[in-house]
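A short write-up of the structure that comes next.
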Amino acid sequence: DNFWNSSRNVSGIRQDSVSRSYAEAYGKYETGGFRDTWQAEKGWSTGAATASIRHLERLSMKGSFSFEQTEGYGMCGSMFIDPGFYPVDVLEFTPGRKSLQTYAFDGGFSYDLTSEWRIGAAMDFTSANMAKRKDLRHTNWKLDMTVAPGFMYHSGDFAIGGSYIFRKTSESIKAEQVGTSESSYYAFLDKGLMYGVYSVWSGSGLHLSEAGVNGFPVKDFSNGAALQMQYKGFFAEAEYLRTNGTIGEKEYIWFRFPGNEISVRAGYKHFAWDRVHYARMNFNWKGRQLHESVLEKVSVGGVSTVIDHGQNMISTESSWTLNPEYEYVSQKVEVLASAHVAGQKKVVSQMYPYVAAQSLLTYRADVKVTGHFGMFSLSAGAGYSAGSVREENWMAGNDTGVQTSPYRLQEWYDRQMEYETAARMSVGLALRWNFWKGLYAEAEGSWIHGFDLKYISSPNRYGATLKLGYNF
């Protein structure tokens with residue numbers, strides 16, 4: 001009910017006075033061949049989460065904690081925990097089991113300095129580690145932390161606020177091969193649009209096993225600010241972030257990826273008797289470049305040094321997303337209708353004069369209806385999504401004398417693009433039983449079906465979830 005709760009400014013949580021808490025344990029299972037190149041053939045997850053918001057006379061506090069254990073089978077492809085988050089990717093090709101543990105917590109407070117001024121600060125922290133249990137083995141460590149202090153001025157139906165945002169993300173991949181094998185394990189470094197380096201995993205061009213560097217380390221730092229405004233039922237927020245990221249460590253910085261990000265969020269709520277109507281809209285734009293360093297290792301008098309001769313810009317990308325949403329809430333019925341439209345343009349040029357460009361557009365629409373019947377709540381949802389991709393290739397110059405062309409992992413690119421753009425239908429059904437003084441149990445099932453597939457092995461994906469929780 002309070003749009004400030006999902007904003008970057010925790011000072012606004014005092015715009016509401018409802019205190020709530022919950023704790024929940026759950027288990028999930030998913031299987032089916034309609035999946036992305038890096039997803040598991042089948043997998044299960046168990047976890048627990050708790051969250052609370054409390055309002056006192058001049059102070060409000062919120063916090064949450066969660067833990068999840070995931071086991072995936074038949075997994076290969078991307079070695080990252082969150083594929084696609086960074087501008088490069090590393091792929092391996094031996095299906096096996098992966099174990100993922102994710103810890104997350106957040107906390108924040110808002111305090112009334114005067115009757116009109118408030119201050120607050122919030123921190124969001126997520127840590128994850130993953131292990132592949134079959135050669136090519138690898139272990140990952142991921143960190144995502146955001147700190148956002150802010151202030152607010154409010155008077156009557158009007159409120160305005162601002163917040164500073166600092167975010168750090170990092171992930172490190174450490175690959176290894178146990179024992180000896182008659183065959184060599186290969187890996188692929190994707191520098192954009194599945195163009196890159198394919199070789200034995202310990203090859204120097206992949207940077208997975210390079211002297212002087214511990215694994216494949218990636219990190220970025222973001223700084224920015226957000227402004228918020230509310231008048232009666234209307235809320236708006238605008239945010240800007242500047243990001244600088246590196247891949248490598250010490251003097252071995254193989255890639256740099258600076259970027260900019262702009263987000264706009266708006267919402268409106270309307271009360272009509274015992275019913276509430278919500279309209280929300282989120283827009284995000286992100287631009288990013290990828291620069292590859294030209295490094296030379298020189299030994300003089302037995303001492304090795306690394307000389308950085310500069311960087312070549314090998315890719316640029318810009319992406320945007322638009323998410324409109326409508327929600328209707330009454331005592332007996334809730335309806336949530338949402339849409340998601342996303343576009344991406346990327347240009348890569350890893351070897352002069354070859355240039356490749358891609359335009360990707362995806363869209364999705366979902367609707368979910370929940371009915372409350374005494375001790376039971378029944379939810380039914382359906383969705384449809386599809387997309388399109390267009391690609392161009394050209395030469396930036398002629399008669400350059402270049403005899404080779406960039407290597408592309410075409411088979412994996414075709415599968416990934418088909419998963420991104422294939423038309424699909426999804427349905428879901430959930431039943432919740434509120435059986436005693438805030439305690440509840442819930443069962444949920446889902447099914448996704450893809451149409452007109454050429455590269456993906458199966459058109460279906462199934463999921464099931466069981467929950468046990470407590471609202472207090």
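These figures come from a predicted structure and were not determined experimentally.
- For Asp308 and Arg256, the salt-bridge test passes: some basic side-chain N is under 4.0 Å from an acidic carboxylate O.
- With 3.5 Å as the limit, one finds a donor-acceptor pair spanning the side chains of Gln358 and Tyr413.
- Remark: Glu239 engages Arg8 in a salt bridge, criterion side-chain N to carboxylate O under 4.0 Å.
- Of the charged side-chain nitrogens involved, none lies within less than 4.0 Å of a carboxylate oxygen, so that Lys368 and Glu334 do not count as a salt-bridged pair.
- Within the structure, salt bridge (Lys or Arg N to Asp or Glu O under 4.0 Å) contacts touching residues 21-30 (residues at least two apart or in different chains) are Glu30-Arg461.
- For the side chain to side chain donor-acceptor pair (under 3.5 Å) criterion with Thr169, the lone passing option out of Thr243, Asp220, Thr146, Asp144 is Asp220.
- Considering only heavy atoms from C-beta on, Val90 comes within 4.5 Å of Leu208 through its side chain.
- Ring-centre distance between Trp4 and Phe235: below the 6.0 Å cut-off.
- Applying the side-chain contact (heavy atoms from CB on, under 4.5 Å) rule to Lys219 yields the partners Ser170, Phe221, Thr246; only residues at least two apart in sequence or on another chain are considered.
- By the 6.0 Å and 45° rule, Arg275 does not stack over the aromatic ring of Trp273.
- Two rings, from Tyr231 and Phe158, have their centers 6.0 Å or more apart.
- Between Tyr153 and Trp117, the distance from one ring center to the other falls under 6.0 angstrom.
- Every residue two or more places apart in sequence or in another chain that forms a side-chain contact (heavy atoms from CB on, under 4.5 Å) with Lys286 is listed here: Glu261, Asn284, Ser319.
- Residues Phe109 and Val10 form no side-chain contact, since every pair of their non-hydrogen atoms from C-beta on lies 4.5 Å or further apart.
- If you check the side chains of Tyr278 and Asp1, you find a donor sitting under 3.5 Å from an acceptor.
- Two rings, from Tyr268 and Phe3, have their centers 6.0 Å or more apart.
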